[in-house]
Chemist: 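Okay, handing you the structure first.
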Amino acid sequence: MGFDLSEEQRAIRETMARFAVERLAPGAAERDRSAEFPAALVSELAALGGMAMKTSTMDEGPGADNLAYALAVEAVARADASVAVIMVASNLSAAILAANATEDQRNRFLRPVARGERGALSFGLTEPGAGSDAAAIRTTARSQGDTWIIDGTKQWITGAAGAEVFVIFAKTPEAGEGAVTCFIVEADAPGFSLGRVEDKMGLRSSGTAQLHFNGVRVPAANVVGQVGQGYRVALGALAPSRVAIAAQSLGIAERAFELGLSYAQERQVFGQPVAAFQNSRFVLADMRCALDQAWLLMLRAARLLDNGIPIRGEASMAKLVASETCGRVVDQMLQLHGGNGYSREYEIERLYRDARVMRIYEGTSEIQREVIARDLLGN
Ligand SMILES: Cc1cc2nc3c(=O)[nH]c(=O)nc-3n(C[C@H](O)[C@H](O)[C@H](O)COP(=O)(O)OP(=O)(O)OC[C@H]3O[C@@H](n4cnc5c(N)ncnc54)[C@H](O)[C@@H]3O)c2cc1C
């Protein structure tokens, strides 16, 4: 596994890192307090191609590979993990469109997002009664001539508060029992409305909201992929997206590590810096090792994807280890801060809250272990 970055990968990472430092970092604490959806920043990031990064140049996207995309997410997450998750949800939806959309759908939805003209896309699978068990979704679409009529509720939808276009999944009983179909729904479709915006522990400005579908009529031209093939459509994009969540976890953890390292060297206790205590030194050493292990799994998964090798367990390993490591790193770095780490004045406090959901969304840690075990055991 080589670690050299191509010129293009380096350029993408540098562009995103510069944007993150100059545009995202300065207001991140304030957005955490206000929980305001960062619409203007999302537009700026979209204009850099950040909302459809892997979309090919033929579809007017940057054509980033999986590794460059992961490095971009990591850079953004270091500065503002809320913006990073909006980015990941949009890129997940864009990847679904890139793999399945018709020419008409590319023109109406994918290319405008790739050009930065339509903000971020949202991805809607989860419902109040169906998260890990995605087969339990109850949102239903029924066809009527050239139209589909959708009824139901989606929950926990990232970026929903600011999105114009949603890639969603609904049961389509006429395609068979349990059949699911993927649809594109626009925010101005009659019968569509945003429900409550979640008041969350972390990622406070990511605009997570419920979606209500009350007899929403969408044209048959908005069906993504084949009717009844929604799970195939979703699963094809979910494993690569787990690598992006690994990258997001690493971004949060790297920023926390940076803060812990410098605080431990500055803060004087018993007449010496916190970093002089053997315990602090060992914590820093252990967390650096854990972070590098997580990086290796993330890089391996991205490289496999870029070599055209379909992965499942490797993506879950990357996501599981990076998200669990992120949780440990933010906790240990907060501990090095002592009481100050518990204050909203210190960035580590926000990172601690932002980190928690890494182990929950895009498949909980338990679900990742299930996927890994299934690969090992064949069932
Ligand atoms: C901030 C945030 C943003 C999100 N963004 C999106 C989004 O943009 N789009 C979207 O569609 N969804 C989104 N989600 C939903 C997210 O993917 C789900 O919350 C997640 O998949 C878990 O589902 P659940 O919340 O229903 O938990 P449940 O499925 O109810 O799980 C509860 C507990 O049971 C455990 N469990 C479940 N099944 C098993 C099993 N087989 N073996 C062992 N343990 C098990 C889980 O690990 C968990 O600990 C988001 C969630 C959050 C919190």
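Remember, it's 1-based here, ligands and their atoms both numbered in the order they're listed. For the single chain, residues carry numbers from 1 onward in sequence order.
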Chemist: Can Asp375 and Arg312 be counted as an ion pair, charged N to O under 4.0 angstrom?
Modeler: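 Answer for the salt bridge query: yes.
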Chemist: Return a yes/no value for Ser132: is any of its N or O atoms, backbone included, closer than 3.5 angstrom to an N or O of ligand 1?
Modeler: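 Checking ligand 1 against Ser132, an N or O pair does fall under 3.5 Å apart.
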Chemist: List the atom pairs, with distances to 0.1 Å, where a side-chain N or O of residues 268-275 and a protein N or O form a donor-acceptor pair under 3.5 Å, not counting sequence neighbours.
Modeler:
none

Chemist: Any N/O of Trp156 closer than 3.5 Å to an N/O of ligand 1?
Modeler: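 Such a contact does occur with ligand 1.
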Chemist: So for ligand 1, is Phe123 a polar contact partner (N or O within less than 3.5 Å, distance only)?
Modeler: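 Yes; at least one N/O pair falls below 3.5 Å.
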Chemist: Quick test of your reading of the model: are Arg115 and Glu117 salt-bridged, counting only N-O distances below 4.0 Å?
Modeler: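 Counted as a salt bridge, because a side-chain N and a carboxylate O are separated by less than 4.0 Å.
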Chemist: Taking atom types as modelled, find out whether Thr153 and Gln210 have a side-chain donor-acceptor pair closer than 3.5 angstrom.
Modeler: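 Checked: Thr153/Gln210 side chains show no N/O donor-acceptor pair below 3.5 Å.
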Chemist: For Glu174, check side-chain contact (heavy atoms from CB on, under 4.5 Å) against everything at least two apart and list the hits.
Modeler: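 By the side-chain contact (heavy atoms from CB on, under 4.5 Å) rule, Glu174 matches Arg142, Ser143, Trp148.
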Chemist: Do any heavy atoms of Leu203 fall under 4.0 Å from ligand 1?
Modeler: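 No heavy atom of Leu203 comes that close to ligand 1.
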Chemist: Taking heavy atoms and a distance under 4.0 Å, where does Leu125 meet ligand 1: side chain, backbone, both or neither?
Modeler: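 It is both parts that get close, each with some atom under 4.0 Å.
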Chemist: N/O to N/O below 3.5 Å, does that happen between Tyr361 and ligand 1?
Modeler: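 Not met; the criterion fails.
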Chemist: Using a 4.0 Å heavy-atom threshold (strictly under), name the region of Lys200 that reaches ligand 1: side chain, backbone, both or neither.
Modeler: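 Side chain only.
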